[in-house]
Protein chains: 4
Amino acid sequence: MKADERKKLILEYAKRLFSRKGYYNTQIADIVNEAKIARGTVYQYFKNKDDLFITLIKEFYNDWEQNISLEMNKIDLKTISPHDYFYFRVKNTLDFLSNDPDLCNIVLRMGIGLSGELESSIKRFEKKIHNLIVSDLEFGMRNKHVRADLNVEMASNLITGALLRTALYDFGAKKKKKDQAEIDSMAREIVGIFGPAIFTKK
Amino acid sequence: MKADERKKLILEYAKRLFSRKGYYNTQIADIVNEAKIARGTVYQYFKNKDDLFITLIKEFYNDWEQNISLEMNKIDLKTISPHDYFYFRVKNTLDFLSNDPDLCNIVLRMGIGLSGELESSIKRFEKKIHNLIVSDLEFGMRNKHVRADLNVEMASNLITGALLRTALYDFGAKKKKKDQAEIDSMAREIVGIFGPAIFTKK
Amino acid sequence: MKADERKKLILEYAKRLFSRKGYYNTQIADIVNEAKIARGTVYQYFKNKDDLFITLIKEFYNDWEQNISLEMNKIDLKTISPHDYFYFRVKNTLDFLSNDPDLCNIVLRMGIGLSGELESSIKRFEKKIHNLIVSDLEFGMRNKHVRADLNVEMASNLITGALLRTALYDFGAKKKKKDQAEIDSMAREIVGIFGPAIFTKK
Amino acid sequence: MKADERKKLILEYAKRLFSRKGYYNTQIADIVNEAKIARGTVYQYFKNKDDLFITLIKEFYNDWEQNISLEMNKIDLKTISPHDYFYFRVKNTLDFLSNDPDLCNIVLRMGIGLSGELESSIKRFEKKIHNLIVSDLEFGMRNKHVRADLNVEMASNLITGALLRTALYDFGAKKKKKDQAEIDSMAREIVGIFGPAIFTKK
DNA sequence: GATGAATGAGTCTTCATTCAT
DNA sequence: CATGAATGAAGACTCATTCAT
């Protein structure tokens, strides 16, 4: 097997195990047993267990950043309505997260209990979402689409928390993959809940 | 020192360490060093490390349940307005969580990565909040205060996520304790955000 | 067993094994088997294998330094003849080294092949001997007892090499402990060999 | 590349690494990285790591034996003075050792810490020098050039130790290669130191 | 009850060696 | 012959738990 495939394979098994059992309860032995490879093979591709975990998270993060850029090209910021924009953003996030329940589990639930770099590699996600929402809200405010008296920081926190929990609850824990229609309706509900409080009356 | 005090002391130090470093990165050695007691003493009061952790969480959970009962006695469900009731509930939750940043950290962030009973001991919290909100919403619906077309399950998830994240963000991570006025205004903001989407128009 | 005794015990067994098999061929398992203690016990007293080794060497070095000071108090530098002084120094060194064949083996033979701190902890010995001889020779030169044309650096190297090899050959490798008379005659031979070339003719 | 050249290449890199880092701290990985060859290639030419090391030492040993024979043909044992003969021998040894600082390092410093055959492959050198000196001294004794009361075994040990240490000190550790004049003067000093004690007065 | 020395099962990690391509 | 991915035995180290004092 080529080096690249083997590395991907290991990441795949590691992801599943980390997601189900957590970082500290997943042993290298578990991973190599599941993947049916030798113990040492893991260390040919990853410096150590930490490195394996962080690689996993970083790849997911990069995928996500790329996904955001791609999606943003699909809309015209000049003409889209605030409501549609909000919906679009929420839907994209849910779409992306719904694709990988294991990583969802890892990223959304493993907070404390990881030391040092491990923890911070995970926190980037939440910060990213939070910051995106903050900047979106500030942009909307400048254009008078978002209410001027909104506490941006807090609203963003609330939306982040709501979004992540929904994602975890609906994508991470459960097995069955949601279809487009379901995600669509989820996004609609979320917009329906936060919209009235955020947007200026037309 | 009396047995009871000593047990409390151990829990105190354990809580702080678990909160800052997580379950797996906190060693019994750390706890006894900080508490300046002997290694074996911990095992006089707790069956094992798991027991110590679970005791911690259970105490917090019981405190919380008790707190809810107490608070519920302070209001008259017959006369209170839906809006005030929502505010009251949100405020109580924030009040309670703000009192113990360490436990906030533990309960709100340690998700995956704990095995078996440890994990479920923590998940009770989230379920509890979620269920409270669900029952509140359903109650409001029966009384026509809450919009009939609301997706209760999802709304509850959103509110739970928003609430927990705000609590973690404002109580868990930061050092300075919030005062009543601050918590009050937080509760108001939350109600302000979720209210418009939840309640029927008067 | 008291902590101090246990630590000493471990050092004792480690010394014997390091001496016979070398650093890399001595496993912690060997040490604990010989000492009939548990694997973890070693780590209660020493940070790691390196630490165990370095502690061993440092103790030996300190013993030696102390021994030198003590011995130097026994003679009167003002009245002793150069020849007797040389003999005295050589004899002291041999005396000291002959007391601990295992450490002799370790210190005199393990040169390269140890990394970093391990290696330098050993090299201190040779440097110490070399420097002592250099300063002795320079002292003798100032008093016209040592020939003015002597290449001090080189002579010191030769004497160091000769001394260490003899010590290793006679103390390190063989089992039977030398008695005082034997060491005495060794010292006399060494002085007899180097004396004629070093001292000024009387 | 021809098989022979490749084998030489591997030995070359191995020598440098063994010399600088020792046997146990030199990995096959280091060697193949430096030599820019594949991991498996080493095993095409050497049975295993031990074999690689021992081959290295044996080659050096054979070179040395050959060198001794060659040099011995250059003098006339019948006419040469004892003093000149001693000088000649010392100089040859220093000459030879000064040519390969890496092997000097390996042979002169790696004593203990190598197991079994590795260690004995190295010890042959010291024994060889020691035996040469012993037989030279005995030869001189028979011819009344060497003092009859000399302790041959001990004198030989002293000279061996002195010689090897000087070689290590001057050739092994330092970078700059000594020129002939320097080695010449070293040899003269050594003879000057040991000569007076060894030879009979003329 | 309190102590802290001792235990040893459990893990990660290394690295010489093999072997299919 | 050369390659380098794969192997797995071996070894260092951790840490919750026990128990004699």
Side-chain angles (χ1 to χ4, degrees), chain A residues 1-7 10 24-32 35-52, chain B residues 1-3 6-7 10 23-33 35-52, chain C residues 1-7 10 24-32 35-52, chain D residues 1-3 6-7 10 23-33 35-52:
Chain A
M1 193 180 291
K2 287 248 186 67
D4 231 42
E5 293 173 56
R6 178 59 44 133
K7 189 169 184 178
I10 294 171
Y24 291 102
N25 289 311
T26 299
Q27 270 72 61
I28 297 293
D30 297 334
I31 297 172
V32 302
K36 291 187 198 351
I37 57 173
R39 206 158 260 250
T41 304
V42 170
Y43 291 90
Q44 200 135 48
Y45 297 96
F46 303 96
K47 240 190 13 260
N48 50 36
K49 198 179 161 188
D50 275 28
D51 184 37
L52 176 53
Chain B
M1 192 183 292
K2 285 232 195 77
R6 188 160 294 250
K7 187 168 184 179
I10 294 171
Y23 181 80
Y24 290 102
N25 289 311
T26 298
Q27 272 73 61
I28 298 292
D30 296 334
I31 297 171
V32 301
N33 285 343
K36 291 187 201 347
I37 57 172
R39 209 154 248 255
T41 305
V42 170
Y43 291 88
Q44 218 105 43
Y45 296 97
F46 303 95
K47 220 169 62 237
N48 50 35
K49 194 182 168 187
D50 277 25
D51 183 37
L52 175 54
Chain C
M1 194 180 290
K2 286 249 186 65
D4 232 41
E5 295 173 55
R6 176 60 43 133
K7 190 169 182 177
I10 294 171
Y24 290 103
N25 290 311
T26 298
Q27 271 72 62
I28 296 293
D30 297 335
I31 297 171
V32 301
K36 290 188 199 348
I37 56 173
R39 206 156 263 247
T41 305
V42 170
Y43 292 91
Q44 199 135 48
Y45 297 96
F46 303 96
K47 237 186 22 253
N48 50 34
K49 197 180 161 187
D50 276 28
D51 184 37
L52 176 55
Chain D
M1 193 182 293
K2 285 229 194 81
R6 188 160 294 250
K7 187 169 184 177
I10 293 171
Y23 181 79
Y24 291 102
N25 289 311
T26 298
Q27 272 74 59
I28 297 292
D30 296 334
I31 297 170
V32 302
N33 285 344
K36 291 188 201 347
I37 57 172
R39 210 153 247 250
T41 305
V42 170
Y43 291 87
Q44 218 105 45
Y45 297 97
F46 303 96
K47 221 171 58 238
N48 51 35
K49 195 182 168 187
D50 277 26
D51 183 38
L52 176 53

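Keep in mind that the numbers below use all heavy atoms, side chains included, and drop hydrogens, waters and symmetry copies. On a predicted model such as this, the values are computed, not experimentally measured, just so you know. Naming convention: chains lettered A, B, ... in sequence-line order (proteins, then strands); numbering from 1 in each chain.
- Across all non-hydrogen atoms, the minimal contact from C/Arg6 to C/Tyr45 is CG-CE1, 3.3 Å.
- Stem analysis of DNA chain E (Watson-Crick or G-U pairs, both distances under 3.5 Å, runs of at least three) returns E:2-21 with F:2-21.
- Rounded to a whole Å, the CZ atom of C/Phe46 is 16 Å from the C1' atom of F/dA12.
- Comparing F/dG8, E/dC15, F/dT3 against the side chain of D/Ile37 picks out F/dT3 as the nearest.
- If you find the closest nucleotide of DNA chain F to B/Gln27 and to A/Lys36, the one lying nearer the 5' end belongs to A/Lys36.
- Rounded to an integer number of Å, the gap from CD1 of D/Ile28 to P of F/dA6 is 20 Å.
- One can place CG of A/Asp30 at 12 Å from C1' of E/dG10, the figure rounded to the nearest angstrom.
- One can place OH of D/Tyr24 at 11 Å from P of E/dA16, the figure rounded to the nearest angstrom.
- In terms of phosphate contacts, B/Thr41 brings a side-chain nitrogen or oxygen within less than 4.0 Å of OP1 or OP2 of E/dT3.
- Across A/Val32 and A/Arg39, no two heavy atoms sit closer than the pair CG1-CA, 3.8 Å.
- In this entry the distance linking CG of B/Asn25 with P of F/dA16 reads 11 Å, nearest Å.
- A/Lys7 has its NZ atom 16 Å from the C1' atom of F/dG4, to the nearest Å.
- Put simply, NZ on B/Lys7 and OG1 on B/Thr41 are 14.0 Å apart, with the number rounded to the nearest 0.5 Å.
- Heavy-atom minimum distance, D/Phe46 versus D/Asp51: CA-OD2, 3.4 Å.
- The distance between atom CD of C/Gln44 and atom P of E/dT7, rounded to the nearest whole Å, is 9 Å.
- Atoms NZ (B/Lys2) and P (E/dA2) sit 13 Å apart, rounded to a whole Å.
- Of all heavy-atom pairs between A/Ile10 and A/Val42, the closest is CD1-CA, 4.1 Å.
- B/Gln27 pairs by the side chain to side chain contact (heavy atoms under 4.5 Å, CB included) definition with B/Ala29, B/Asp30, not counting sequence neighbours.
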For nucleotides 18-21 of chain E, print each protein N/O atom paired with a nucleotide N/O atom at under 3.5 Å, atom names and distance only.
none

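- Between B/Tyr45 and the phosphate of E/dA2, there is a side-chain N or O to OP1/OP2 separation shorter than 4.0 Å.
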